[in-house]
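What follows is a short report on a single structure.
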Amino acid sequence: RWVAAALASLAERGYLRPDATGRWRVAHRDLAALPLARQPLPEQLRSIDRIDRFVLLERIGSGGQAEVHRAMDESSRAVVALKLLRKEALIDREMQERLRREAEVLARIRHPGVIRLLAHGPLGGDEYYLAMELIAGPTLAQRLAAQGPLDEASARQLLRQLRESLQAIHALGLVHRDLKPANLLQRPDGQPVLIDFGLVQDLGRSTRLTEFGQVVGTLLYMAPEQQHGGLIGPSADWWAFGVLAHEVLLGVLPWDLAGYDDSARRFALLSPEGAPRRAYPEGFPAIWRALIDSCLTRDPEQRRPDFAVLD
């Protein structure tokens, strides 16, 4: 009953509303704009689903080791994206260190194409949190799955802005190491926003989290040197950029792996010559081919993206 009372109280204040299925949803992106937003929270809400000063409203994402919640900062009434380690990952010291490292890195970056860190810190014990701006809407992966490839003008704008975001983080000595459509959101003005810096490598800081021989990332988007645990630099992100560009423009990955089972697919991707490439469809512009092919050069020393189509 007390949970129902808390939800009813929030609904009366305009914080929540039921959707068509009867589930409660946040009614406003910015709760601070509500007339009663500065009033104390209902007493019933103080004892449920809290992380420090944040009230958890809804889980909106989950990965292998972490999950993201829509949450309300009780002090400011702002609705944020709150990233936490999953309970089973709390005993993993490396995962704890990665989350702290992600916070340190995001605190250094100020760019519209990178998710903005609002707050971070320990919660006591082994828990740690990241509070970030909340960007509503699907990821690029979800958008492509629902709508198919982008038209040429939209693809050019997205890739141009993403290039600028990567150049900005590379200028700080950082390599994202997990660029893929699932790690891109979009602002209302169309600006793509890079998220999930949990695997970021700081080229100016050598630790056991980035040592030679460690393989991290998403295999389908990984550069050859990254797949085999070699030393990597910004060129690894440009390989992933080329894979993503192919997917954005053509709706499929560049690898021709039809008929391969999981084991054979992995073997092909990790082989010295790499997975077989798809043939470009007839009429696909040469200037786009030049961008993708230059990014997918296997030798990182020779991988020099041809950005002519974006300029």
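In what follows, every heavy atom counts, from backbone to side chain, and hydrogens, waters and symmetry copies are set aside. The residues of the chain are indexed from 1 along the displayed sequence.
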query: Distance from R303 atom CZ to R298 atom CZ, nearest 0.5 Å?
result: 8.5 Å
- prompt: Counting N and O atoms only, with roles assigned by atom type, does the side chain of R277 sit under 3.5 Å from a partner on the main chain of D256, one being a donor and the other an acceptor?
  reply: no
task: Check whether any side-chain heavy atom of P276 sits under 4.5 Å from a side-chain heavy atom of L257, and report yes or no.
output: yes
Full working for salt bridge (charged side-chain N to carboxylate O under 4.0 Å, His left out) between D196 and K180: CA-CA 10 Å; D196 197 348; K180 56 185 178 182; over 6 Å; no
message: Just checking R266: does its CZ atom have more than 12 heavy atoms from other residues, nucleotides or ligands closer to it than 6.0 angstrom?
response: no
message: Hydrophobic clustering (ILVMFWY, side-chain heavy atoms < 4.5 Å, transitive) - are F267 and L220 grouped together?
response: no
- request: Enter the distance from E164:CD to L159:CG here, rounded to the nearest 0.5 Å.
  value: 11.5 Å
- request: Would you verify whether the NZ or CZ of R163 falls within 45 degrees of the ring axis of F241 while also being under 6.0 Å from that six-membered ring's centre?
  value: no
- prompt: Rounded to the nearest 0.5 Å, what separation is found between the CG atom of L84 and the CG atom of L56?
  reply: 7.0 Å
query: Is I292 close to Y280 at the side-chain level, that is, under 4.5 Å between some pair of heavy atoms?
result: yes
- prompt: Do R116 and M132 have side chains that get closer than 4.5 Å, going by heavy atoms?
  reply: no
message: Quick check: do V243 and L179 have side-chain heavy atoms less than 4.5 Å from each other?
response: no
message: Could you check whether any side-chain N or O of H111 sits under 3.5 Å from a backbone N or O of G113, counting only pairs where one atom can act as donor and the other as acceptor?
response: yes
message: What verdict does the side chain to side chain contact (heavy atoms under 4.5 Å, CB included) test give for L99 and L130, after you've listed the backbone C-alpha separation in whole Å, the side-chain angles of each residue and the deciding distance to 0.1 Å?
response: CA-CA 8 Å; L99 196 62; L130 272 65; 3.5 Å; yes
- prompt: For the residue pair L185 and G137, what are the closest heavy atoms and their distance?
  reply: CD2-O, 4.1 Å
query: Regarding D261 and S263, is there a side-chain donor-to-acceptor distance under 3.5 Å anywhere?
result: no
query: Taking C-beta and beyond as the side chain, do W238 and L166 meet within less than 4.5 Å on heavy atoms?
result: yes
- request: Report, as yes or no, whether the 6.0 Å neighbourhood of atom CD on E273 holds more than 12 heavy atoms from other residues, nucleotides or ligands.
  value: yes
message: Donor-acceptor check, side chain of R177 to backbone of L174, threshold 3.5 angstrom: yes or no?
response: no
query: Does the side-chain hydrogen bond (donor to acceptor under 3.5 Å, both in side chains) test come out yes or no for Y221 and E247, once each step is laid out?
result: CA-CA 11 Å; Y221 298 86; E247 194 172 1; 2.6 Å; yes
- request: Could you go through the side chain to side chain contact (heavy atoms under 4.5 Å, CB included) check for I60 and L134 one step at a time?
  value: CA-CA 10 Å; I60 56 177; L134 180 66; 3.7 Å; yes
query: When you measure from the side chain of T297 to the backbone N and O of S294, does any donor-acceptor pair fall under 3.5 Å?
result: yes
message: For residues L291 and I287: do they belong to one hydrophobic cluster (side chain heavy atoms under 4.5 Å, members Ile, Leu, Val, Met, Phe, Trp, Tyr)?
response: yes
message: Tell me the closest heavy-atom pair linking F54 and A71, and the distance in Å.
response: CB-CB, 4.3 Å
task: Check H228 against L270 and note the closest heavy-atom contact, atom names and distance.
output: CE1-O, 3.0 Å
field: 4.5 Å side-chain heavy-atom contact, I135 and R187
entry: yes
- prompt: Under 3.5 Å, is there a donor-acceptor pair between the side chain of R156 and the main chain of V309?
  reply: yes
field: Atom pair NE2 (H120) and CG (L82), whose distance is rounded to the nearest 0.5 Å
entry: 13.0 Å
field: Stepwise side-chain hydrogen bond (donor to acceptor under 3.5 Å, both in side chains) test for W239 and Q226
entry: CA-CA 10 Å; W239 173 282; Q226 188 175 351; over 6 Å; no
field: Heavy-atom side-chain contact between N183 and T139 under 4.5 Å
entry: no
query: Hey, do the aromatic rings of H246 and W255 have their centres closer than 6.0 Å?
result: no
query: Just by modelled atom types, is the Y260 backbone N or O under 3.5 Å from a matching donor or acceptor in the R265 side chain?
result: yes
- prompt: What distance do Q167 atom CD and D237 atom CG have between them, rounded to the nearest 0.5 Å?
  reply: 11.5 Å
- prompt: Would you call D306 and R289 a salt bridge, taking side-chain N to carboxylate O under 4.0 Å as the test?
  reply: no
task: Compare all side-chain heavy atoms of P149 with those of L249 and state whether any distance is below 4.5 angstrom.
output: no
field: Distance-minimising heavy-atom pair for P192 and L184
entry: CB-CD2, 4.4 Å
statement: The reported gap from NE2 in H176 to CD1 in I169 (rounded to nearest 0.5 angstrom) is 6.5 Å
- prompt: Just by distance, do the side chain of R53 and the backbone of E74 share a donor-acceptor pair under 3.5 Å?
  reply: no
F284, CZ: over 12 other non-hydrogen atoms inside 6.0 angstrom: yes
